Amino acid sequence: MPEGHVVHRLARDLAADLGGRRLTVSSPQGRFTAEAARVDGTVLRHTEAYGKHLFVGLSSDDEIHVHLGMQGKWLRVADPARPALPQVRLRLATEAVAWDLIAPARCELLTEAAVEDLVRGLGPDPLRSDTDAEAAVAALRAAPGAIGAALLDQSVVSGVGNVFRNEALHAVGIAPKRPCRELSTSEARALWAELRRMMAQAVEDGRIVTVDATDRAAVPEAEARKVYKQQRCRDCGTPVVTSTVGGRTAYHCPREQPG
DNA sequence: GGGTAATGTGGAA
DNA sequence: TCCACCTTACCCA
């Protein structure tokens with residue numbers, strides 16, 4: 001269940017397994033059958049993540065665009081001879097390995113021009129090296145409404161989901177309901193830097209762990225965050241406050257995130 | 001075995 | 001603001 005770190009990690013892992021390889025493309029579930037037939041036998045040229053969007057570029061000049069939505073996931077299948085489950089929307093296979101896409105919100109073929117249009121509508125992605133930090137800071141300060149809502153708006157910044165917005169705001173001591181226009185430049189800079197740090201760490205970990213731990217992999221999922229879905233703040237023990245911000249449940253520590 | 005929430009988004013109301 | 005979508009995981013019985 002994917003925020004941007006999952007998509008960036010997938011771009012990397014798919015490229016490692018499938019980059020430069022000729023693909024057998026199929027849609028066992030049937031909702032991508034015509035498109036799969038069109039690109040079956042093409043070579044995977046590159047993969048790219050932008051926000052929560054994944055693009056798989058093929059030698060036919062088609063791009064497969066995948067958005068996982070809330071439930072989508074890719075499963076790596078070590079034995080490509082093993083038939084896919086019937087609910088698999090898309091299988092990308094070589095003779096060595098297969099990747100199966102389950103329950104995506106979107107899976108479609110786009111032209112490169114259509115990809116550019118889509119990406120143009122996305123705000124800066126903290127996980128990309130080609131983003132302008134000062135532009136991101138300006139966009140955050142200029143956004144209408146609360147910072148907790150702006151962080152979920154993919155046209156303001158992209159790739160941030162409900163876990164990162166709550167954990168990053170906590171890390172920099174900003175309450176989710178603070179209006180964007182009230183944020184100082186230094187606050188917005190700290191928030192952007194924290195998003196970049198936290199999300200990059202999550203790409204490496206393959207999960208979101210924001211508590212301090214020597215062995216990050218050993219932290220149980222339910223205890224991996226400081227405020228998100230926590231009863232008490234894992235820094236100071238203060239009861240976590242829940243509210244609705246930007247249409248989703250926000251979590252914050254009233255002591256460390258005043259206002 | 002059933003019921004529900006879920007790290008998301010877009011369209012209807 | 002609500003709801004539908006796609007599926008899984010976890011809780012409860």
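Predicted, not measured: the structure shown is a model, and the values here were computed from it. Throughout, protein chains are lettered first and strands after them, A, B, ... in sequence-line order, and every chain is numbered starting at 1.
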Identify whether any heavy atom of [X] sits under 4.0 Å from a base atom; if not, whether one sits that close to sugar-phosphate; answer base, sugar-phosphate or nothing.
X: F164(A); result: nothing
X: R31(A); result: sugar-phosphate
X: E167(A); result: nothing

Task: Within 6.0 Å of CZ in R181(A), more than 12 heavy atoms from elsewhere - done: no

Task: Residues in side chain to side chain donor-acceptor pair (under 3.5 Å) contact with R38(A), at least two apart in sequence or another chain - done: D62(A)

TODO: Return the set of residues passing side chain to side chain donor-acceptor pair (under 3.5 Å) with E134(A) (not counting sequence neighbours), or none when no residue passes.
DONE: R189(A)

Open item on the list: Using the P atom as the point on both nucleotides, what is the distance between dC6(C) and dG1(B), in whole Å?
Closed with: 23 Å

Task: P gap between dT8(C) and dG10(B), integer Å - done: 23 Å

Set out, line by line, the N/O atom pairs under 3.5 Å between protein and nucleotides 10-13 of chain B.
none

Nearest listed nucleotide, side chain of [X], among [options]:
X: Q87(A); options: dC6(C), dT8(C), dT7(B); result: dT8(C)
X: I208(A); options: dC6(C), dT8(C), dT7(B); result: dT7(B)
X: Y228(A); options: dA6(B), dT7(C), dT9(B); result: dA6(B)

Tell me whether the side-chain N/O atoms of [X] come closer than 4.0 Å to OP1 or OP2 in [N].
X: H67(A); N: dT9(B); result: yes
X: Q71(A); N: dA9(C); result: no
X: K73(A); N: dT8(C); result: no
X: R89(A); N: dT7(C); result: no
X: R248(A); N: dA6(B); result: no

So, using ring-ring contact (aromatic ring centres under 6.0 Å, His included) as the criterion, who are the partners of [X] when residues are at least two apart?
X: H65(A); answer: H53(A), F55(A)
X: F32(A); answer: none
X: Y50(A); answer: none

Take the protein atom [atom1] of [X] and the nucleotide atom [atom2] of [N], then report the distance between them rounded to whole Å.
X: Q154(A); N: dG8(B); atom1: CD; atom2: C1'; result: 8 Å
X: D153(A); N: dT9(B); atom1: CG; atom2: P; result: 10 Å
X: E221(A); N: dA9(C); atom1: CD; atom2: P; result: 13 Å
X: Q230(A); N: dT7(B); atom1: CD; atom2: P; result: 13 Å
X: M70(A); N: dA5(B); atom1: CE; atom2: C1'; result: 8 Å
X: K229(A); N: dA5(B); atom1: NZ; atom2: C1'; result: 7 Å
X: H8(A); N: dT7(B); atom1: NE2; atom2: C1'; result: 15 Å

TODO: Show the numbers, then the answer: is there a salt bridge (Lys or Arg N to Asp or Glu O under 4.0 Å) between E204(A) and R12(A)?
DONE: CA-CA 11 Å; E204(A) 298 313 313; R12(A) 178 201 290 185; 2.8 Å; yes

Task: Cationic N near anionic O, under 4.0 Å, D212(A) to R234(A) - done: no

